[in-house]
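To keep things clear, I will list the structure first and then write my remarks on it.
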Amino acid sequence: METVERVSKEIENLREEIVDTLVELIKIPAISPDYGYEGEYDKAQKLLEIIKAWPFDRVDVYNAPDERAKNGVRPSILAYYYGEKGEESPRIWILTHMDIVPPGDLSKWTVTEPFKPVVKDGKVYGRGSEDNGQSLVASLYTVKAMMNLGIRPKRTVVLAFVADEETGSKYGVEWLMREHPELFRKDDLVLVPDGGNEDGTFIEVAEKSILWLRIKVRGKQVHASMPGKGLNAHRVALDFAYHLDRLLHEKYSDKDELFDPPESTFEPTMVKNPADSPNIAPGEHEVVFDCRILPRYIIDEVLKNAERVAEEIKEKYRKEFDGKVLPEIEFEVLQRLDAPEPTDPNSEIVALLKKALKKLRGKEAKVGGIGGGTFAAYFRKLGIPAVVWATLDETAHQPNEYAKIDNMVEDAKVMAALALL
């Protein structure tokens with residue numbers, strides 16, 4: 001613990017630099033081409049510039065091809081600081097993501113503009129400050145503090161700054177694991193500081209399955225004053241969404257108190273139709289469901305039930321126009337992640353994190369599950385124990401998002417303890 005205390009003091013000494021680094025990173029939007037932006041390239045270059053003089057033992061850049069992105073790539077960076085036994089040391093990964101979500105309604109940003117960060121009342125405001133800038137910068141200065149003191153940790157620290165977390169990891173962790181499986185070891189320990197609670201006492205060891213399902217309904221556009229001459233796709237979609245929502249909640253109603261919330265969730269989140277006038281009955285309509293499903297249920301069964309509802313609705317509204325039978329109802333899976341086996345609550349990474357929190361904060365941590373959507377699931381699929389933990393005020397994806405400076409500094413100390421103990 002003496003070494004942990006020395007590193008903790010050095011992290012405190014770096015507080016001002018920690019804040020300055022987060023401010024610089026917030027200035028660079030790193031938003032997916034899925035949202036019409038350029039991706040993470042510029043932020044990755046800034047990170048490489050920041051750490052170029054730091055004595056990392058190895059820094060590797062992996063570029064996932066994506067022709068939509070700046071320079072046609074989605075970069076991820078792995079920076080290694082070897083443990084006391086060099087490359088033979090056991091390893092702990094700390095994974096954060098460079099990408100962020102779009103700023104949303106700019107009128108709701110009342111403290112500052114999304115990419116003009118300000119420091120106020122012990123917080124750094126700006127889009128991406130908490131998600132995932134806070135933990136990204138904390139992990140950086142965890143290692144820099146050890147470097148400044150000339151300390152080699154017990155475990156090699158692998159800092160992974162990864163692309164494409166916000167839109168499914170196709171160009172991030174998923175791509176890395178598929179294209180570079182040699183990077184990962186079964187005895188690795190993994191921390192994903194991308195979820196948690198305000199006092200840092202929640203350790204996530206399990207996730208629900210994820211299904212993002214887009215339903216496209218096609219009818220026949222017509223003047224709203226003569227609905228019988230067409231087929232209003234909006235009405236069909238509303239009827240379908242109502243019956244699907246009702247069926248899913250009734251059929252998949254079990255609860256598991258490991259999770260918060262304990263039940264599966266099925267939320268209609270996005271709607272779209274091309275009608276641009278009140279007097280048009282649209283011929284197309286889309287609705288998206290975000291489903292977070294308890295691991296005991298099978299996603300394929302959920303999809304089969306959705307298709308059954310679709311067939312019932314199609315029959316209910318069936319019409320023929322010029323030999324074509326309408327409505328058409330089409331499914332598109334935007335994202336799917338079948339929940340892997342949870343991390344063992346008695347695993348080494350959980351025990352280490354509990355020990356660090358007890359020693360540094362005097363707090364007893366609890367384990368549980370969440371709705372899903374972090375890097376941890378990909379490691380669990382490989383049989384590598386992973387936990388999600390951070391101290392967060394939970395302002396992610398909101399207007400006036402902020403990172404609490406104390407959270408950033410104190411979490412860096414815990415990350416250091418995981419490498420040193």
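Remember, predicted model here, so these are calculated numbers, not experimental data.
- Under 4.0 Å is where a charged nitrogen must lie from a carboxylate oxygen, and between E286 and R214 at least one such pair does.
- The neighbour count for E17 CD, taken as heavy atoms of other residues, nucleotides or ligands under 6.0 Å away, is above 12.
- Other residues, nucleotides and ligands place more than 12 heavy atoms under 6.0 Å from the CZ atom of R361.
- The pair R152-D57 counts as a salt bridge, with a side-chain nitrogen and a carboxylate oxygen less than 4.0 angstrom apart.
- Ion pairing between E364 and K358 holds under the 4.0 Å rule for side-chain N and carboxylate O.
- Side chains of D194 and L392 form no contact here, defined as non-hydrogen atoms less than 4.5 Å apart.
- In this structure E40 satisfies the side chain to side chain donor-acceptor pair (under 3.5 Å) test together with R74, sequence neighbours excluded.
- By the 30° and 60° cut-offs, the orientation of the rings of Y141 relative to W54 is perpendicular.
- For Y242, the OH atom is loosely surrounded, since the number of other residues' heavy atoms within 6.0 Å does not exceed 12.
- Nearest approach of L183 to D188, heavy atoms of both residues: O-OD2, 4.4 Å.
- Of the charged side-chain nitrogens involved, at least one lies within less than 4.0 Å of a carboxylate oxygen, so that E410 and K413 count as a salt-bridged pair.
- Between L189 and R91 there is no side-chain heavy-atom pair separated by less than 4.5 Å.
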Report, one line per pair, each donor and acceptor closer than 3.5 Å where one atom sits in a side chain of residues 258-273; sequence neighbours left out.
{"unit_1": "S264", "atom_1": "OG", "unit_2": "L294", "atom_2": "N", "d": "3.0"}
{"unit_1": "T269", "atom_1": "OG1", "unit_2": "V288", "atom_2": "O", "d": "3.4"}
{"unit_1": "N273", "atom_1": "OD1", "unit_2": "A275", "atom_2": "N", "d": "2.9"}

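- Contact check for I203 versus I349: no side-chain heavy atoms found under the 4.5 Å cut-off.
- Pairs passing the ring pair (Phe, Tyr, Trp, His ring centres under 6.0 Å) check and including a residue from residues 398-419, sequence neighbours excluded, read Y125-Y402.
- Shortest non-hydrogen contact noted between L22 and Q134 is CD1-N, 4.2 Å.
- For E38 against D42, the heavy-atom pair with the smallest separation is OE1-OD2, 4.3 Å.
- Side-chain polar atoms of D60 and Y80 form no donor-acceptor pair below 3.5 angstrom.
- For P103, the side-chain contact (heavy atoms from CB on, under 4.5 Å) partners two or more places apart in sequence, or in a different chain, are I31, Y37, L106, W109, P114, F115.
- Between the side chains of Y297 and D254, at least one donor N or O lies within less than 3.5 Å of an accepting N or O.
- Nearest heavy atom pair, residue V387 against residue L353, reads CG2-CD2, 4.0 Å.
- Remark: of the listed residues I215, V302, L334, I215 is the sole one forming a side chain to side chain contact (heavy atoms under 4.5 Å, CB included) with F289.
- Residues R68 and D164 are not paired through a salt bridge, judged by the lack of any N-O separation under 4.0 Å between the basic side chain and the carboxylate.
- With respect to the salt-bridge test (charged N to carboxylate O, under 4.0 angstrom), the residues D300 and R336 qualify.
- In this structure, E312 pairs ionically with R308, as a charged nitrogen and a carboxylate oxygen lie closer than 4.0 Å.
- Under 3.5 Å, the side chains of T395 and D393 contain no donor-acceptor pair of N or O atoms.
- For the residue pair S139 and F161, the shortest heavy atom distance occurs at OG-CE2, 3.8 Å.
- Inspection of the H97 and D99 side chains reveals an N or O donor paired with an N or O acceptor under 3.5 Å.
- Between K304 and E307 there is no salt bridge, since no side-chain nitrogen of the basic residue lies less than 4.0 Å from a carboxylate oxygen of the acidic one.
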Could you tabulate the donor-acceptor pairs under 3.5 Å formed by side-chain atoms of residues 170-177, not counting sequence neighbours?
none

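- With sequence neighbours excluded, the residues that form a side-chain contact (heavy atoms from CB on, under 4.5 Å) with S89 are K85, T156.
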